[in-house]
Novice: 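Attaching a single structure in structure tokens format; questions to follow.
Chain A is the first sequence line, chain B the second, and so forth, proteins listed ahead of strands; every chain is numbered from 1. Remember, it's a predicted structure, so these values are computed and weren't measured experimentally.
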Protein chains: 2
Amino acid sequence: MENGNAKATDLIAELGFLCLGSRFRRLGERLQAGVSELAGLEGITLQPAQFPIIVALEHGPLTVGALARRLDLSQPGITRGIGKLLVEGLIEQVENDGDQRLRAFTLSDAGRALLARVQERVFPLVQRAVADLCEGPADDLLGHLTRLDHALAMTPFEQRLRAMLSEGSGS
Amino acid sequence: MENGNAKATDLIAELGFLCLGSRFRRLGERLQAGVSELAGLEGITLQPAQFPIIVALEHGPLTVGALARRLDLSQPGITRGIGKLLVEGLIEQVENDGDQRLRAFTLSDAGRALLARVQERVFPLVQRAVADLCEGPADDLLGHLTRLDHALAMTPFEQRLRAMLSEGSGS
DNA sequence: CCATTTTCCATATCGTGCTATATACCTTGG
DNA sequence: CCAAGGTATATAGCACGATATGGAAAATGG
């Protein structure tokens, strides 16, 4: 998105409940982009969709199917995410003497270190930035979404996160 | 998503403001899938992301850039959507004697007919289904999202739309 | 008036969700 | 004990958001 200002003419927002799917996707895209940029600034190259996976693995190994159920995402999506994390050496396959169909994974030392870093340096900022974003006179869902869209148009999420960075998170 | 029940273990939902991007995308995906299926049942093969484009063209031609600004989507996304609509004969390029960089499009007769059909047969059901989905004790955004996720897990959006179809929309 | 910059659109490619289907392993029944 | 069916994962490919970049037309300015 090169146009930072959503104008007063955002048709998808005007449509309200119609095209709400597009709207959610747009929002999700922007939020993930912000998280991704912040992580990059912290030297963390993880892509946004990998975060929930490593969080899920925090307390012990899980199989592909278990991850899919835990995150309520499709199994092929998990398989893909797992592949990336394996390549980056953040997770390891767990030895398994039993059912040979199962593939369980656990965080590697590098993965645990990265998760700790994420939890210390990234998540608190994201938490604050999103909470800020969601502030305001609570109304209905559409009101929330409109406020979100508008707030994001005024100040992109990445910028909000950068602001938190420089503001008061010096660890 | 083959597992219709989100369990009580949806980690992405548990994470609250963290991973909200993934959550929005998941929701958007499901809503669009429902709309797509409903449209299919009505004999309308449009993909969900095309709806806002044809709605935007309802009141006259727009250029690629104007559409991108109107819908607050990226220009390449619009170019792609335009391409599909052209192939299906739902829009036509407008003659243009002036600036040769501009490409403006307008609804064809088929496109206008389809839009009318969408507005009559699809949008009212979507409106009702989403409104139902969003009902409940209005609280904060996360409450809304949790309710949405949960409601969608209990009864998929497609099923809700189909219910509306059989219920009382016999036009 | 020509060179440079800007604007508009197209193309290439990526990330992340999905479905459908193939494959390999396990389980079960006859 | 083997055939049939079920389950777990992988692969293929699509939809739809995005960014980055290229080419052509227009605007600008020296």
Novice: Can you tell me how far P of D/dA15 sits from CD of B/E88, to the nearest Å?
Specialist: 10 Å
Novice: Hey, is the main chain of B/E42 close enough, under 3.5 Å, to the side chain of B/R117 for a donor-acceptor pair?
Specialist: yes
Novice: Give every residue pair that meets the ring-ring contact (aromatic ring centres under 6.0 Å, His included) criterion with at least one member in residues 17-49 of chain A, sequence neighbours excluded.
Specialist: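 Output for this query lists A/F24-B/F24.
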Novice: Please report the distance, rounded to the nearest Å, between CG in B/L71 and P in D/dC16.
Specialist: 13 Å
Novice: Nearest heavy atom decides the nucleotide; on that basis, is B/F105 or A/Q100 closer to the 5' end of DNA chain C?
Specialist: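 Its nearest nucleotide lies further toward 5', so the answer is B/F105.
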Novice: Quick one: which of C/dG17, D/dT9, D/dA26 gets closest to the side chain of A/T79?
Specialist: D/dT9
Novice: Decide yes or no for A/R25 and A/E29: does some side-chain heavy atom of the first lie under 4.5 Å from some side-chain heavy atom of the second?
Specialist: no
Novice: The side chain of B/R80 lies closest to which of these nucleotides: D/dA18, C/dC18, C/dC26?
Specialist: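 Selected nucleotide: D/dA18.
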Novice: Starting from P on C/dT16, measure out to CZ on B/R25 and report it in whole angstrom.
Specialist: 7 Å
Novice: Report the nucleotide, chosen from D/dA18, D/dC16, C/dG17, that has the shortest atom-to-atom distance to any side-chain atom of B/L73.
Specialist: D/dA18
Novice: In whole angstroms, how far is the C1' atom of D/dG17 from the CZ atom of B/R26?
Specialist: 18 Å
Novice: Please examine the side chains of B/Q119 and B/L114, heavy atoms only from C-beta on, and report whether any two atoms are closer than 4.5 Å.
Specialist: no
Novice: Starting at atom CG of A/N96, determine the distance to atom P of D/dA8, rounded to an integer number of angstrom.
Specialist: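 Rounding to the nearest Å, CG of A/N96 and P of D/dA8 are 13 Å apart.
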Novice: What nucleic acid atoms does B/S36 come within less than 4.0 Å of, heavy atoms only: base, sugar-phosphate, or nothing?
Specialist: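 No contact.
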Novice: Should B/S74 be listed as having a side-chain N or O under 4.0 Å from OP1 or OP2 of D/dA18?
Specialist: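 For D/dA18, OP1/OP2 do have a side-chain N/O of B/S74 under 4.0 Å.
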Novice: Choose from D/dT9, C/dG17, D/dA12 the nucleotide whose nearest atom is closest to any side-chain atom of A/L102.
Specialist: D/dT9
Novice: In whole Å, what is the span from the CD atom of B/E29 to the C1' atom of C/dT19?
Specialist: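 From B/E29 CD to C/dT19 C1': 10 Å.
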Novice: Checking the side chain of B/R69 only, and the main-chain atoms of B/V64 only, is there a donor and an acceptor separated by less than 3.5 Å?
Specialist: no
Novice: Report the residue (B/T63 or A/K84) whose heavy-atom-nearest nucleotide on DNA chain C is the more 5′ of the two.
Specialist: B/T63
Novice: When you measure from the side chain of B/Q75, which nucleotide among C/dC18, D/dA15, C/dC9 comes out closest?
Specialist: C/dC9
Novice: Take the protein atom CG of A/L27 and the nucleotide atom C1' of D/dA18, then report the distance between them rounded to whole Å.
Specialist: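 For the pair A/L27 CG and D/dA18 C1', the rounded distance is 14 Å.
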Novice: Once you apply a heavy-atom cut-off of 4.0 Å, does A/G98 come out as touching a base, just sugar-phosphate, or nothing?
Specialist: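 Sugar-phosphate contact only - A/G98 comes under 4.0 Å of backbone atoms but never of a base.
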Novice: Would you mind writing out the side-chain donor-acceptor pairs for residues 76-87 of chain B within the sub-3.5 Å range, not counting sequence neighbours?
Specialist:
unit_1, atom_1, unit_2, atom_2, d
B/T79, OG1, B/Q75, O, 3.3
B/T79, OG1, B/Q75, NE2, 3.0
B/K84, NZ, B/Q47, OE1, 3.3

Novice: Is the shortest side-chain heavy-atom distance between B/L71 and A/D10 below 4.5 Å?
Specialist: no
Novice: Check if the side chain of A/R101 and the base of D/dT7 share a donor-acceptor pair of N or O atoms closer than 3.5 Å.
Specialist: yes
Novice: Which whole-number value in Å describes the distance from A/R30 CZ to C/dT16 C1'?
Specialist: 17 Å
Novice: Please classify the nucleic acid contact of A/G77 as base, sugar-phosphate, or nothing, using heavy-atom distances under 4.0 Å.
Specialist: nothing
Novice: Let me check something: do A/L11 and A/L27 share a hydrophobic cluster, defined by ILVMFWY side-chain heavy atoms less than 4.5 Å apart, either directly or through other members?
Specialist: yes
Novice: Under 4.0 Å from any atom of DNA chain D, heavy atoms only: list the residues of residues 45-60 of chain B that qualify, in numerical order.
Specialist: B/Q47, B/P48, B/A49, B/Q50
